[in-house]
Amino acid sequence: MSIMDFSGKKLLVIGAGISGRAAAMALIHHGGNVILNDMKQIDISKAPWPNMAAAGVQCIFGSQDISLLNGIDIVVPSPVISPEIPIMKEAIKRGLPVWSEVEVASRVTDATILGVTGTNGKTTTTTLLGEIMKASGRQTVVGGNIGIGLSEQADGLPKEAVVVAELSSFQLEFTQTMKVKAATILNITPDHLDRHHTMEAYAAAKERIFRNQDKTDYAVLNYDDERVKAMEADMTGNVVWFSTQGEVPSGAFYDHGQLILRMNGSDTIICSEQELHLFGKHNIQNCLAAALLAYTAGVPLDIIRKVLQQFKGVEHRLEKVRTIHGVTYYNDSKGTNTDASIKALEAFPQGHLILIAGGYDKMTPLDEFMALAAKRVDTLILIGKAADRFEEAAKKAGVTDIRRVGYSMESAIMLARKIAKAPQAVLLSPACSSFDMYDNYEQRGRVFKGIVNAL
């Protein structure tokens, strides 16, 4: 799709975070007349606001009047903005085009877009795919739900460049014409039901990643996930599969310690599990998906293999911090829902864990998580707002040693250190978001690592 000119268009960007700022600047660069609005009162004398105002962005902060919509051609809500707030409901009622920030990104670039979504594994898969694409020699940017506004990075990139995008359901909800050359849904498990209300709506938001694909594009689907597998019927691109549980008709799978590529009826070994630095079944899934996305985008297998063998993983995702007296401490702060934390527990099949969990409760079901904890966790240390509900579910599942330390990460780590004996490991995998104690999961993970490294 050719780069769009927004001259003469009046655009309202709602939410002044990373995505909103990126969208506003990209739209200004392409001739748009942009209002950036946020309910929060923000001091516009501090960076980056003077620069944005100088570029022509009109900042209206501290209120959100419906009259902001008057004369607007397109509304661009940031991912965190709920479609149910009054101004969004009114925009939809008026029939105004509503675009997500990643839709804006797709309108300001000629580059090929490769997309990654799913409930868990997105960041690892996106980062790994980004490394493979860079190693292939193509100009590559990595962004989206990974902490950097996509439209800012994609802006003006040429056809031969590639954009590797981590896309959340919130970002995909308002995509319209975005066309993704190769895309994957890694898995779908309960998350963000406070926003989407039903699993069907959540899955439908994710499935928008494949909209507008044609027979030159690829849909990379999880053969082991019933909800994702069922999407095959809706696909307009070429479907290839990945599986950690058995063979696939076409795609990539795991068999007896080997990661295998099956394309055009012939099998080739990508690499063996032993050669990977990542551990756990879920990470093999991420590697298979990234390898397939890269392969369908034209990267030779030897480059894919080399990057897989070198890749050390992502910060805050089963990240090894240090070993003290035979006890290893792992930071899995990115485990912000129960499914992510289940995958973390499954990466330690031998158990012997002291688990630190809890935080801001997303109210996802706890039965499966606590049933696994009862098998793998010797001591459960609970922090944060979710502690009551987590303790109740843990007791019901048969977890016998449960300790609570209020809102103190330091107390949790000191307690873990006091009781841990080799071969036990200490794992922070909260199964919750961080907003009761921290700004985000990154801050929570860094606090954890800082305390552990100071022991």
Side-chain angles (χ1 to χ4, degrees), residues 1-40 42 48-49 52-61 63-111 113 115 143-145 148-157 163 165 167-180 195 204-205 208-209 211-212:
M1 195 165 60
S2 61
I3 292 176
M4 189 168 170
D5 179 13
F6 289 94
S7 299
K9 295 265 184 253
K10 199 170 174 195
L11 304 111
L12 174 65
V13 179
I14 305 174
I18 292 169
S19 295
R21 296 197 299 269
M25 290 310 282
L27 291 165
I28 283 277
H29 286 164
H30 293 272
N33 177 350
V34 179
I35 296 172
L36 179 62
N37 171 245
D38 201 296
M39 280 290 274
K40 280 206 296 284
I42 298 170
W49 308 114
M52 293 192 69
V57 178
Q58 189 188 345
C59 298
I60 300 177
F61 298 151
S63 66
Q64 201 162 65
D65 205 87
I66 299 295
S67 64
L68 284 170
L69 293 169
N70 297 345
I72 292 295
D73 296 302
I74 300 162
V75 177
V76 181
S78 294
V80 294
I81 301 297
S82 163
E84 290 164 18
I85 64 169
I87 197 164
M88 285 292 292
K89 281 181 156 168
E90 179 63 22
I92 292 162
K93 192 172 128 195
R94 290 187 190 187
L96 291 172
V98 178
W99 291 4
S100 66
E101 183 260 336
V102 298
E103 174 71 19
V104 172
S106 74
R107 304 278 188 138
V108 298
T109 188
D110 272 333
I113 302 174
N145 192 46
I148 306 158
L150 197 66
S151 44
E152 195 175 347
Q153 290 180 292
D155 194 353
L157 286 177
V163 173
L167 301 168
S168 70
S169 57
F170 295 0
Q171 289 170 305
L172 288 163
E173 199 168 13
F174 293 111
T175 49
Q176 310 297 343
T177 63
M178 183 176 76
K179 185 176 189 293
V180 179
R195 162 95 164 238
R208 289 177 82 92
I209 199 167
R211 275 184 83 153
N212 311 310

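If you read the sequence from its start, that first residue is 1, and numbering goes on from there.
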Gap between atom CD of Gln64 and atom CG of Asn37 - 0.5 Å precision: 4.5 Å
Validation row: Asn145, Pro79 side chains within 4.5 angstrom (heavy atoms): no
Residues that Asp73 engages under side chain to side chain donor-acceptor pair (under 3.5 Å), provided they are two or more places apart: none
Check: Arg107 and Thr177 side chains under 4.5 Å, non-hydrogen atoms: yes
Passing option when Val75 is tested against Ile14, Ile81, Val13 for side-chain contact (heavy atoms from CB on, under 4.5 Å): Ile14
Partners meeting salt bridge (charged side-chain N to carboxylate O under 4.0 Å, His left out) with Lys93 (sequence neighbours left out): Glu90
Heavy-atom side-chain proximity of Arg94 to Leu69 below 4.5 angstrom: yes
Spatial distance of atom CE (Met39) from atom CD1 (Ile85) [nearest 0.5 Å]: 7.5 Å
Exercise: identify the closest heavy-atom pair between Ala22 and Glu101: CB-OE2, 3.9 Å
Backbone N/O of Gln176 and side chain of Glu103: donor-acceptor pair under 3.5 Å: yes
For the student: nearest non-hydrogen atoms of Val98 and Met88, plus distance: CG1-CE, 4.0 Å
Backbone of Val80 reached by a side-chain donor or acceptor of Ser78 within 3.5 Å: no
Any side-chain heavy-atom pair of Val163 and Gln153 under 4.5 Å: no
Separation between CD1 of Ile72 and CG of Leu12, rounded to the nearest 0.5 Å: 5.0 Å
Step-by-step side chain to side chain contact (heavy atoms under 4.5 Å, CB included) determination, Ile35 to Lys10: CA-CA 8 Å; Ile35 296 172; Lys10 199 170 174 195; 4.0 Å; yes
Smallest separation among heavy atoms of Arg21 and Pro48, with atom names: CD-CG, 3.8 Å
For Ile87 against Ile66, the heavy-atom pair lying closest together: CA-CD1, 3.7 Å
Residue pair Met52, Ile28: steps toward the side chain to side chain contact (heavy atoms under 4.5 Å, CB included) verdict: CA-CA 10 Å; Met52 293 192 69; Ile28 283 277; over 6 Å; no
Minimum side-chain heavy-atom gap Met178-Arg211 below 4.5 Å: no
Minimum heavy-atom distance between Leu36 and Gly15, given as atom pair plus value: CD1-O, 3.6 Å
Approximate separation, where rounding is to 0.5 Å, of Thr175 OG1 and Leu167 CG: 8.5 Å
Heavy-atom closest contact (Ile92 atom, Pro83 atom, distance): CD1-O, 4.4 Å
Point-to-point distance, once rounded to the nearest 0.5 Å, from CD of Glu173 to CZ of Arg208: 8.0 Å
Met4, CE atom: more than 12 neighbouring heavy atoms under 6.0 Å: yes
Residues which pass side chain to side chain donor-acceptor pair (under 3.5 Å) with Ser63, listed by chain and number, not counting sequence neighbours: none
Distance in Å, Gln58 CD paired with Leu11 CG, rounded so as to fall on 0.5 Å steps: 12.5 Å
Beyond-backbone contact of Met25 with Glu152, side-chain heavy atoms, under 4.5 angstrom: no
